[in-house]
Number of protein chains: 4
Amino acid sequence: MIVLFIGDIVGKTGRQAIRALLKPVKDQYEVEFTVANGENAAGGNGLTKEVAQELYGAGIDFLTMGNHVWDKRQIMDFIDREARLVRPANYPAGAPGQGYGFVRLHGFKVGILNLSGRVYLPALDDPFSGAVRLINLMRQESPLILVDFHAEATSEKIALGWFLDGKVSAVLGTHTHVQTADERILPQGTAYITDVGMTGPRDSVLGVKKEVVINRFLTQLPAKFDIAGGVMQLNAVLLDLDEETGKARRIERVQRFAE
Amino acid sequence: MIVLFIGDIVGKTGRQAIRALLKPVKDQYEVEFTVANGENAAGGNGLTKEVAQELYGAGIDFLTMGNHVWDKRQIMDFIDREARLVRPANYPAGAPGQGYGFVRLHGFKVGILNLSGRVYLPALDDPFSGAVRLINLMRQESPLILVDFHAEATSEKIALGWFLDGKVSAVLGTHTHVQTADERILPQGTAYITDVGMTGPRDSVLGVKKEVVINRFLTQLPAKFDIAGGVMQLNAVLLDLDEETGKARRIERVQRFAE
Amino acid sequence: MIVLFIGDIVGKTGRQAIRALLKPVKDQYEVEFTVANGENAAGGNGLTKEVAQELYGAGIDFLTMGNHVWDKRQIMDFIDREARLVRPANYPAGAPGQGYGFVRLHGFKVGILNLSGRVYLPALDDPFSGAVRLINLMRQESPLILVDFHAEATSEKIALGWFLDGKVSAVLGTHTHVQTADERILPQGTAYITDVGMTGPRDSVLGVKKEVVINRFLTQLPAKFDIAGGVMQLNAVLLDLDEETGKARRIERVQRFAE
Amino acid sequence: MIVLFIGDIVGKTGRQAIRALLKPVKDQYEVEFTVANGENAAGGNGLTKEVAQELYGAGIDFLTMGNHVWDKRQIMDFIDREARLVRPANYPAGAPGQGYGFVRLHGFKVGILNLSGRVYLPALDDPFSGAVRLINLMRQESPLILVDFHAEATSEKIALGWFLDGKVSAVLGTHTHVQTADERILPQGTAYITDVGMTGPRDSVLGVKKEVVINRFLTQLPAKFDIAGGVMQLNAVLLDLDEETGKARRIERVQRFAE
Ligand SMILES: [Fe+2]
Ligand SMILES: [Fe+2]
Ligand SMILES: [Fe+2]
Ligand SMILES: [Fe+2]
Ligand SMILES: [Fe+2]
Ligand SMILES: [Fe+2]
Ligand SMILES: [Fe+2]
Ligand SMILES: [Fe+2]
C-alpha cells in the first residue's frame, strides 16, 4: 500500500500548496491513501469544519492534529462526528474527539494514531506507555498502523521511534515544520522520520511572515503572526507498506514547490 | 573555498566516526577548511584538551561549542589559550574563551562565529542583536563568515538565517543532533540549514544508548547516559564559498556511515 | 517616608478591592506614596487607559507592570505619555514606555524601577547587570529607589534582593500572586519580600475562577479565564524609608479583606 | 491531633536547625506528629540512609520528598524498606518507594500523601486525577490525610488545594523554599498553605551560598552550589486536626531562628 503523509499544512498558503502540488505527487507515486497534519490549516492555527472539508475535497483522506488542535474552538462542535480526524490520543480521558481511527481501503484496514510529546509541550498523559496500550488495541484490528508523533524534542521523537519499532508501520514526527533527513526503515520494519516538515509558504518562519518573527525575537513584543505568501512548498513522506505484515518496505522524503 | 562543517561529535563513537569517515569526504570534495561542533566530543558532554587535540589531529581545523561547553570544567583552563575553539558569543561579557575567531587560509581569512539560541536554552544575551554587532566587527576583517547557531527551536534558527541573509556566508544550525533537509542558499547569498546533524552512533537517541533514553521516558527516573556503539555516522554540510564576496555558491548535505 | 506597595491588582474584583480597602489602610498608616502592580488590572490581563485612570483616581500614585504589560494592545498608544507608569526595564532598547520613573514628594524624589525575571519568563535582557546599570543612573537623582521585581522563581528573586542590598530602598517581588512571609530588612538596609501577593478575589486561583483552573489542570483543554468574585482581598507591604539615606527602617505585610 | 509539618530541610545547616530548633517548638505546641520534607537534607540534594536516620533521631516521624528524590542514588537501595518515607506518588508505576504511607498514633491512623506538580517540573502523571484515585483508597483507612504537594507554580498549588478541599486534612505546598502568608482553613475543612518554606541557612538563596547564586545569574556559568552557614531557620506549619472527621481546626505558620 502506497501512503503519503503530509507535514503540517499552514494556513491559506498551505491549502493552496495542497491544491497545486498534491495531485501530481499522488499521480506520480500512485498513492492509495493520503494523511496530513492539519493543526495549522485554518489561518495558521487550528481547524474549522470548512477547512477540513476543503482538505478532504482536495484529496486528503485523513487528518491528524497537534498542540494547536483546540485553537479554533468550533472544532469541539464537530470533532466527535468526524471519523477522518484524530487529535493526540494522550489527552486525559474525556477530551472531545478520538486519538486514533481506522480507514477501510480495498480490503484492508489502516489505523492512524496521533500522539503528542511532552517535552516543551503541555503535560498530557505519557505517550510512551499510552502508545503501547493503544497499539495493542489497534493491532487487534490491523497491523497497518501509522503514528503521527507531534513533538518538539528530537530525543523524545527518536526514542518513541525505537520504542515502537516492529509494533507499527510508521512513526512520523510532526510539529517543528522542518523536514529532517533521517528517514529510514528501523530494524524491525517500522518506517521512521523525525519530522515530515511543513506545507505552506517556503520563504517564511514556520509559515509566518519572516519579518514578523524576526521582529519578535528582536523586541520581545507581541506580534500578529500573519501567514506568508510567495513560493508554496509541500513536504511529505511516501511510504510503501506490506498490507499483510504491516511492515514498511520504503520511506522516501517528498518536497515540491510552486510559484 | 570548499568548507566542510560537521554536526555535533558525540563521544568516543563520534571520534571513531571522524577517524573512519572524515578523510574520504575531504578527499572526495577537496575540502580546504573543516569545522566541527565539539560540545559533546568528550564522553558525550563537553570537551577536554586531549579530545580537542585528538580532533585537530584527525583533520578538523576549528571547533565550535554549545550549551554543553562547560560540562568538562577543565575547559576553563585551556579555552583562553586555544585559538581554534569558540563558544557561544552571547555569554555575558567576562566568560572564559571567545565567541568568534579567524583562520588564515591561503591568502584569505575565514571568520567563525558561535551563537546560542535562547528558546528552551539558558538565558544568554540576545543572539539577534548580538549577531549584528559582532558581524559588523568581523566583516572589517573578512566577508567570509560562518555562523554556528546552536539552538533548539526551528523558529529561532530559521529567523536568524533570514536575519543574517547577505551578512554572512552561512548560518548552520546545530544542537538537535538530527540533520534537516532544508539546506539552501537564501536570496542574498547566505547558505542555510536548520541543523547539520550528529556525528556518532547511528542507532541511538542523539548518541545515547536507546534503551537508556526509552527507559528514562517511561520511568522518569535518572539514568546514566552511556554513549552507544554500533554503526558510525558522520553528518555534515559542504559549502562552496566565494572568497571575494563571502557569498555561498553551494550547500550540500553529507551523510556517511561505517560499521 | 511611608510607602505602600500593592501586589498585582486583578480585574474588576481587584479594582473593587482597591476602592473598598485602600483608603482605610492609607489612613491607618499615614501612607505618603502608593505604588501598585497593574499588569492584570484590566480584565485580568493588561492595562487600559481607562483602568489606569480609575486606579490613579482611587488613590494609587504610580503603577508598575510585568509579563502581561502588552496584553491590552492599546497600552502602546498611551504608555509613552504616562509618567506614572513603568514596564520592565529589561525589554530590549526601543520598547514603548519606560523602565523607571521618578515622583516628587514634598521635597524628595522617589525612583521606581520595574524589572522582569527570566526564569520561566520571556528572554528579556539580564535583570542583574541591567539593575546595576540603571540604579547607578537613578542614584544620581535620589537614594530613594523602589524595585518591583516581577519574577516567578524564588531563587532569582532572592538573589536579586541580596545583589541590590544597600543599593536601593526596597526589592519587592510580584507575579506569583501569593504573598510570602519572608519580609525583612537585609543587612545593608534594603527592604525585601519575595512576593507582595495579589489584590483581587480571595477565593480564586490567582484571581481566576477556581473551577475553571481546576478543570484546565484536569483536562488540559483551553478555558476562558474569568475573574472570580466573592470576598475581596488587598495584599500589600508597608515601607518606612529614610528620605536622606534611602534605607528602609521597616517593612510590614498588609492583608485586608472585604465581602 | 497536633501535627507539625516542616519545610524542605537543606543540608547540614538544615539538620543543625532541626537539632537546635525542633524540640522547643514541639514542646511549646505539644506536637504529636512531625513530618518534614527531606528532599534536600543530604548535602543540599537528595537523602541518604544516614541522613534519614539522623532526622528520625532528631524527632521527625515521617519524611516526604520531591523532585530531588533520586539525587543520591543510594536511596533506591533503601526506600522500599523505609516505611516512614514517601516520594511523589505520581511517578509512573514501578518506581522505587511508595507515594503514600500511614502511621499509627494513639489509636488513630494518619495518612501522608506526596505529590509532585508538573508545571516547570518533570512530566510525571497527573497529580489531580492521581490525587482523587489515591485519596479514595486512603480514606478507606482514615480521614486524617496530609498532602505534601511539591510544586513550583502557585496556580497549580492553589488549584489542588481547592480541588481537595474537604477530602483531606491538609494540602501543604513545598519546593519553593519560601514560606507563604496565605495559610487558611478552606471552606470544607482542609488546611492549606502554598509553601511551608525552608529549614536551613537564612542568609542564603534557597539554602545555597548567595554569592554563588548571584554569580550564576550574572555569568550563566556553572557553579558548585555550596550550602550556606550562618543563622539557622526553621520553617513549618502547625496543624490541629479533628481525629474523627479529619478536618483541620487550625493552621499556623511557624518560623524560628538560631545563631
Ligand atoms: Fe504545526
Ligand atoms: Fe504543533
Ligand atoms: Fe550537541
Ligand atoms: Fe547542544
Ligand atoms: Fe500578575
Ligand atoms: Fe505576571
Ligand atoms: Fe526543596
Ligand atoms: Fe524541590
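Here is how names work: the chains are called A, B, and so on, in the same order as the sequence lines, proteins then strands, and each is numbered from 1.
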Using only distance, no hydrogens or angles, which N or O donor-acceptor pairs sit under 3.5 Å between chain B and chain A?
unit_1    : atom_1 : unit_2    : atom_2 : d
Thr154(B) : OG1    : Thr176(A) : O      : 2.8
Trp162(B) : NE1    : Ser204(A) : O      : 3.2
Thr176(B) : O      : Thr154(A) : OG1    : 2.8
Gln179(B) : O      : Ala181(A) : N      : 2.7
Ala181(B) : N      : Gln179(A) : O      : 2.7
Ala181(B) : O      : Gln255(A) : NE2    : 2.9
Arg184(B) : NH1    : Asp203(A) : OD1    : 3.0
Arg184(B) : NH2    : Asp203(A) : OD1    : 2.9
Asp203(B) : OD1    : Arg184(A) : NH1    : 3.0
Asp203(B) : OD1    : Arg184(A) : NH2    : 2.9
Ser204(B) : O      : Trp162(A) : NE1    : 3.2
Gln255(B) : NE2    : Ala181(A) : O      : 2.9

task: Apply side chain to side chain contact (heavy atoms under 4.5 Å, CB included) to Ala159(A) and list each qualifying residue two or more places apart in sequence or on a separate chain.
output: Phe128(A), Val205(B), Val213(B), Ile214(B), Phe217(B)
message: Just so I understand: if I count every heavy-atom pair under 4.5 Å between each of Leu186(A), Leu160(A), Val119(A), Ile158(A) and chain B, which residue has the most?
response: Ile158(A)
task: Can you tell which part of Val208(B) gets under 4.5 Å to a heavy atom of chain A, answering side chain, backbone, both or neither?
output: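 Val208(B) has no heavy atom closer than 4.5 Å to chain A.
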